[in-house]
Protein chains: 2
Amino acid sequence: MGLTKTEIFTLEQNQISSIAKVFGHPARVAILQHLFKIDSCICGDLVGEIGLAQPTISQHLKELKKIGLIKGNITGTSICYCIDKENWSNMKTTLTAFLDQDLDDSNTCC
Amino acid sequence: MGLTKTEIFTLEQNQISSIAKVFGHPARVAILQHLFKIDSCICGDLVGEIGLAQPTISQHLKELKKIGLIKGNITGTSICYCIDKENWSNMKTTLTAFLDQDLDDSNTCC
DNA sequence: TTATTATATTGCAATATTACGATGAAAGGA
DNA sequence: TCCTTTCATCGTAATATTGCAATATAATAA
């Protein structure tokens, strides 16, 4: 059906999967890497940097903004995007807790 | 079009997004959490644990197996799944490198 | 005002994902 | 052998995602 049954999962499980879903497209990974690399806000040069059409980039930026990982400042006709460092940090905490689950070596049945 | 243009992205970007995509569904997060919690192999009790039908669980397990995060041992009529600890560790390294990008506070334009 | 520039939104086509009933395959027990 | 249990696969319906052309919007420049 294409419709995820979110109601049967915990808040934490839904949060983790929502974050991961945003990272689940290479264009969004590339956008974030570029934002980190230039370590400053960017405007529309993402369209040139990544090889996708302007509406497609705009759509990916919307996803990133929706989950709070980036924010934008209007400066004239262009918009300056950058990482929302506080939200990025919070996201990292949530995701790291999931990734760092105990890897007990005592049990090795497989 | 629903078709991701993987060819225009780097190997690393595609790897990160492939991993994240697998985590992008709460059922798969729940399966992994359960596998960590019982810290031992499990069989088909995931169907009872999570509220999804058996074919659906089987499909999610397939995704997790495809990317190497879990492995299964046949024991009689049942199959015993568990985390592939080595692959989990490698995955964590890749993802952590992405999450731990430098958060330089010197630049605060937004 | 009109034109230009930068970004967002709309609408749509192609493809992917999610979920499950029905069925298949493989092993063990009666 | 036949039945049961356990899991995988197939087929299909409903929904989501991706990508882009066309268009809208908003700010500035001429």
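Below, read A as the first sequence line, B as the second, and so on, with proteins coming before strands; counting in each chain starts at 1. What you are looking at is a predicted structure, and each value in this text was computed from that prediction instead of being measured.
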Would you please confirm or rule out a distance under 4.0 Å between OP1 or OP2 of [N] and any side-chain N or O of [X]?
X	N	result
A/Lys62	C/dT7	no
B/Tyr81	D/dT6	no
B/Ser58	D/dA8	yes
A/His60	D/dT17	no
B/Thr77	C/dG28	no

Listed nucleotide nearest any side-chain atom of [X], set [options]:
X	options	value
B/Leu3	C/dA19, D/dA22, C/dT15	C/dT15
A/Lys21	C/dT7, C/dG11, D/dA16	D/dA16
A/His25	D/dG19, C/dC20, D/dC7	D/dG19
A/Ser78	C/dC20, C/dT7, C/dA8	C/dT7

message: Whether the side chain of B/Gln54 and the base of D/dA8 hold a donor-acceptor pair under 3.5 Å is what I'd like checked.
response: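 Yes.
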message: Keeping B/Trp88 on the side-chain end and A/Leu99 on the backbone end, is there a donor-acceptor pair under 3.5 Å?
response: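 Confirmed, B/Trp88 side chain pairs with A/Leu99 backbone.
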- prompt: With nearest nucleotides of DNA chain C determined for A/Thr6 and B/Thr4 from heavy-atom distances, which residue corresponds to the more 5′ nucleotide?
  reply: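 Per heavy-atom nearest nucleotide, the more 5' residue is B/Thr4.
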query: At their closest point, which heavy atom of B/Val47 faces which heavy atom of B/Ile57, and how far apart are they?
result: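 Heavy-atom minimum between the residues: CG2-CG1, 4.1 Å.
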- line: When every non-hydrogen atom of A/Ala27 is compared with those of A/Ile50, the smallest separation belongs to O-CD1, 4.0 Å
task: Return the value, rounded to whole Å, for the distance between atom CG of A/Asn73 and atom C1' of D/dA27.
output: 15 Å
- prompt: How would you label the contact of B/Ile74 with the nucleic acid (heavy atoms, under 4.0 Å): base, sugar-phosphate, or nothing?
  reply: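 The residue B/Ile74 makes no contact with any strand.
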- prompt: What is the nucleic acid contact for A/Ile57, judged by heavy atoms within less than 4.0 Å: base, sugar-phosphate only, or nothing?
  reply: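 Nothing, no nucleic acid heavy atom in range.
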query: Closest nucleotide of DNA chain D for A/Ala27 versus for A/Pro55: which of these residues is on the 5' side?
result: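 Upstream on the strand: A/Ala27.
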task: Would you mind checking if B/Lys65 and B/Asp84 are paired as a salt bridge, meaning a charged N to carboxylate O distance below 4.0 Å?
output: no
- request: Apply side chain to side chain contact (heavy atoms under 4.5 Å, CB included) to the pair A/Thr96 and B/Thr96, showing each step before the final yes or no.
  value: CA-CA 8 Å; A/Thr96 303; B/Thr96 303; over 6 Å; no
